[in-house]
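FYI, side chains are in, hydrogens and waters are out, and symmetry mates aren't considered; it's all heavy atoms of this structure.
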Amino acid sequence: QVQLVESGGGLVQAGGSLRLSCAASGRIFNNWHMGWFRQAPGKEREFVAAISRSVGLTRYADSVKGRFTISRDNTKNTVYLQMNSLRAEDTAIYYCAAGLYSDDAKDYDYWGQGTQVTVSS
């Protein structure tokens, strides 16, 4: 079992930055690949970014590539999502997840409760 708790969301103006954190507890953190997903009102949950468990391979959705950076600190059992140049369309609830190294939500076994990010234009 893995428990995930996101933090760092909030309200920011377009062009601004936020850093999301996801703290994990339970089973050994560095056994898990980690991902970030988001869900906007009225839309399906979509992939944002993923990071592998040890080598640090990363992958991103085209919509965030060059603006968002995923990273992890296995000593702190935490994964981060640095979000720069935020746009109104980035407004969503952001979830972190633990599972396979994948952009498919079905490949993740554990999910956090989410943190709201609102970007004002």
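Cluster membership check: I93 shares its hydrophobic cluster with F37, using side-chain heavy-atom separations under 4.5 Å among Ile, Leu, Val, Met, Phe, Trp and Tyr. Y110 and Y101 are not part of a single hydrophobic cluster, where members link through side-chain heavy atoms under 4.5 Å apart. Criterion: ILVMFWY side-chain heavy atoms under 4.5 Å apart, direct or through other members. Under it, Y80 and V117 are not part of a common hydrophobic cluster.
For the atom pair CG of L81 and SG of C22, the computed distance is 10.5 Å after rounding to the nearest 0.5 Å. In this structure, OG on S17 lies 9.5 Å from CZ on F68, to the nearest 0.5 angstrom.
Considering all non-hydrogen atoms of both residues, V2 and A24 come closest at CG1-CB, 4.3 Å.
Panel note: side chain Y108, backbone S102; a donor-acceptor pair is recorded below 3.5 Å. Checked by atom type and distance alone, the side chain of T58 never pairs as donor or acceptor with a backbone atom of I51 at under 3.5 Å. For the pair E6 (side chain) and G114 (backbone), a donor-acceptor distance under 3.5 Å is present. The closest donor-acceptor contact from the side chain of H33 to the backbone of G99 lies at 3.5 Å or more, if one exists at all. Remark: side-chain polar atoms of Y60 are paired, donor with acceptor, to backbone N or O of I70 under 3.5 angstrom.
Listed by chain and residue number, R38 satisfy the side-chain hydrogen bond (donor to acceptor under 3.5 Å, both in side chains) test with E46 (two or more places apart in sequence, or in another chain).
For the side-chain contact (heavy atoms from CB on, under 4.5 Å) with M83, the qualifying choice from V12, L20, D90 is L20, the only one to do so.
No more than 12 heavy atoms of other residues, nucleotides or ligands shown are found within 6.0 angstrom of CD1 on I28. Around the NZ atom of K106, the shell of radius 6.0 Å holds no more than 12 heavy atoms that belong to other residues, nucleotides or ligands.
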